[in-house]
Amino acid sequence: MHAYRTHTCNQLRAEHKGQTVKISGWIHRKRDHGGLLFVDLRDHYGLTQCVINTDNPMFPAFEKLRLENVVSITGEVVARTPETVNKHLPTGEIEVKLKTFDLLSAPVTDMLPLQVNTDEPYGEEVRLRYRFLDLRRDVLHRNIVLRCDVISSLRRRMIEQGFLEFQTPILTASSPEGARDFLVPSRLHPGKFYALPQAPQQFKQLLMMSGFDKYFQIAPCFRDEDARADRTAGEFYQLDVERSFVTQDDIFATMEPVIYGVFEEFSNFTGKKFEVSKPPFVRIPYDESMLKYGNDKPDLRNPLVITDVTSVFKRDDVTFNAFKSVLEKGGVVRAIRAPKVSDRPRSFFDKLNDWAKGEGAVGLGYVVFEGAEGKGPIAKFIPAAAQEELKKLTGAGSGDAVFFVCDMVEKAAPFAGKARTKIAEEMDIIDKHKFIFSWIVDFPMYEINEKTGKVDFSHNPFSMPAGGLHALNTQDPLKIKAYQYDCVLNGIELASGGIRNHVPEIMERAFDIAGYPKGEVETKFGGMYNAFKFGAPPHGGCAFGIDRMVMFLADQKNVREVIAFPMNQQAEDLLMNAPTTVEPNLLKDVHIKMDLPKAQIKAAG
RNA sequence: GCGGGUGUAGCUCAGUUGGUUAGAGCGCUUCCCUGUCACGGAAGAGGCCGAGGGUUCAAGUCCCUUCACUCGCGCCA
């Protein structure tokens with residue numbers, strides 16, 4: 001007999017009755033009847049009930065074992081009587097009648113800081129400090145299995161399309177992404193540093209210039225920026241993809257079946273099937289998204305749409321001066337039509353108005369259409385003819401309300417976006433069991449940097465500008481679009497990508513417009529720049545956030561729920577105690593001397 | 001760096017307007033219990049109420065400071 005087990009804890013069925021088996025695992029739960037003791041033994045695969053009574057001389061020793069001890073149990077598989085079968089358990093037809101057992105772990109003597117056999121919510125700090133216990137618990141354990149399955153599915157789907165899986169360096173140089181780098185000091189080169197890759201961006205482009213055609217990688221990425229619920233501290237994984245001789249549509253056609261396929265494959269993970277939007281995913285130009293949804297990552301589960309109704313409030317017969325004064329300064333009015341809400345109580349509208357005030361707005365004006373007539377606090381400023389124009393622009397009919405946001409465009413658009421979300425939430429019209437994908441396309445190549453007031457890259461500086469060199473030389477930089485796109489799912493950015501700029505002349509001009517001195521491209525991205533000169537194929541790609549994909553499929557609100565060993569919000573690993581101070585000789589090796597803020601000198605000790 | 005929330009037993013939480021000895025469930029210890037499956041029952045141990053300061057006859061409760069965790073903002077093209 002095997003030293004540890006002949007079967008797993010999810011394997012034994014009625015057909016095994018009479019067999020002598022050995023199973024190993026953790027003591028999940030005990031039910032002690034004095035003369036009769038039931039123990040649920042748990043391993044990765046499931047639970048098996050074991051039973052022992054006082055006839056067995058091992059009874060006293062076995063009875064003393066505490067929860068979460070690791071034991072192997074040898075015994076006979078016994079069919080349960082019909083009335084004692086447990087239908088909720090796959091192994092519920094049988095139990096193992098214990099003959100002998102071995103304690104395989106050191107005996108558990110301390111109190112468990114968190115209980116494995118409950119689904120009670122625990123504090124983050126305890127969960128992270130004792131992550132190995134939390135990972136034993138059902139929900140987190142299954143989430144991590146899902147993550148493994150999702151990654152192998154992605155890998156299989158990419159390989160089936162003829163992509164090659166690469167590894168790229170972890171110790172590298174600073175890359176063109178805009179985030180803070182993690183730095184690693186060089187021992188051999190005093191005063192110099194490696195940077196951990198924010199993404200393998202340059203390497204994957206170099207692989208295209210090296211003639212490999214179809215690249216992918218399950219790539220670790222490192223960015224020294226603060227965490228959010230959908231963004232872990234420090235590091236995350238991307239499905240990183242690049243292809244040669246492709247257009248934007250080729251990238252979409254490559255990725256849509258992969259992403260749709262994976263989401264469809266695991267759409268039933270939570271036990272409730274999610275409906276997945278089929279390829280081709282809807283494509284929305286950036287400008288349209290900003291107008292209709294108020295951001296560049298629309299939640300398309302929300303059916304509400306924003307329209308521009310500035311023209312209505314500019315009419316001479318409309319006398320709503322609160323808006324007119326803003327319009328005179330160049331502002332806009334954005335409207336959100338909320339269908340069939342005229343029967344809602346006044347409190348529905350007041351609540352939204354209070355919310356808007358809480359967001360720093362003056363309020364959220366609205367008109368409710370009942371029959372032909374518009375009602376509400378500001379309806380009296382809008383005569384019938386103007387109301388007709390309003391209905392025409394927004395598509396509002398009888399029973400609908402239209403909410404207004406008025407401000408300068410750069411404030412009105414995002415606030416209308418927030419209001420769109422808030423109104424839909426209050427109306428409870430967002431279908432929580434849908435995955436709706438979209439591609440946001442035609443991002444602007446440049447934007448005004450608010451701090452400096454100068455023209456800056458708005459996305460990846462390596463993206464190809466639409467219209468190429470001609471556009472760069474002849475158009476207003478702020479009007480130039482880039483072959484740059486995001487894949488958005490339910491209001492969260494899932495991927496970003498672009499068709500790259502592979503022509504040195506266009507790249508130099510692009511950096512010139514963003515105010516970089518001549519030669520900057522060559523100094524900063526020398527390897528890439530050289531490659532561009534020696535035969536670079538047109539290429540492009542994208543990168544999908546794996547943690548976020550799994551988070552969606554597991555229906556979790558926080559990426560930590562799908563990562564085995566995440567850091568906390570302060571980018572600390574409570575289990576491994578990182579970051580930590582190091583021995584002075586290690587610092588000396590890498591030529592580092594501390595110069596700490598006074599308050600932290602004691603802490604660094 | 002800034003704002004919101006939370007902090008009471010090993011864990012999850014309750015604790016009234018400031019008022020006697022700070023409670024419950026799980027876990028832990030001892031005992032009873034031979035068909036449970038979140039087994040049941042009896043008893044028990046376990047508390048610097050995050051820390052420090054203040055107001056008060058009296059503070060878990062009110063005020064100030066501070067720390068930790070968390071959510072968000074800044075940041076992340």
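Since this is a predicted model, take the numbers as computed values, not measurements.
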Between [range] and RNA chain B, which residues have a heavy-atom gap below 4.0 Å?
{"range": "residues 479-501 of chain A", "answer": "none"}
{"range": "residues 228-236 of chain A", "answer": "A:Arg228, A:Ala229, A:Arg231"}
{"range": "residues 565-576 of chain A", "answer": "A:Asn568, A:Gln569, A:Gln570, A:Glu572"}
{"range": "residues 409-419 of chain A", "answer": "none"}

Interatomic distance, A:Glu561 CD vs B:C71 C1' [rounded to whole Å]
14 Å
Round to the nearest Å and state the distance from A:Leu133 atom CG to B:G10 atom C1'.
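Answer to the nearest Å: 12 Å.
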A:Arg560 side-chain N/O to B:C71 phosphate OP1/OP2 under 4.0 Å:
yes
Which part of the nucleic acid, if any, lies within contact of A:Glu124, taking any heavy atom under 4.0 Å across all strands shown: a base, the sugar-phosphate backbone alone, or nothing?
sugar-phosphate
Give A:Arg127 one of three labels, base, sugar-phosphate or nothing, depending on what nucleic acid heavy atoms sit under 4.0 Å from its own.
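Result for A:Arg127 = nothing.
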Between N or O atoms, less than 3.5 Å apart, protein on one side and nucleotides 3-9 of chain B on the other: list the pairs.
none

Quick one, give me the B/S/- string for nucleotides 32-44 of chain B, reading 5' to 3', where B means a protein heavy atom under 4.0 Å from the base and S means that only happens at the primed atoms, P, OP1 or OP2.
-BBBBBSB-----
In terms of ring plane angle, is the pair A:Trp439 and A:Phe544 parallel, tilted or perpendicular, where the classes change at 30° and 60°?
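Plane angle over 60°, so perpendicular.
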Mind checking the P distance from B:A9 to B:G52? Whole angstroms is fine.
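Their P atoms lie roughly 16 Å apart.
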Step by step, would you call A:Lys30 with A:Leu67 a side-chain contact (heavy atoms from CB on, under 4.5 Å)?
CA-CA 8 Å; A:Lys30 288 163 70 179; A:Leu67 301 184; 4.2 Å; yes
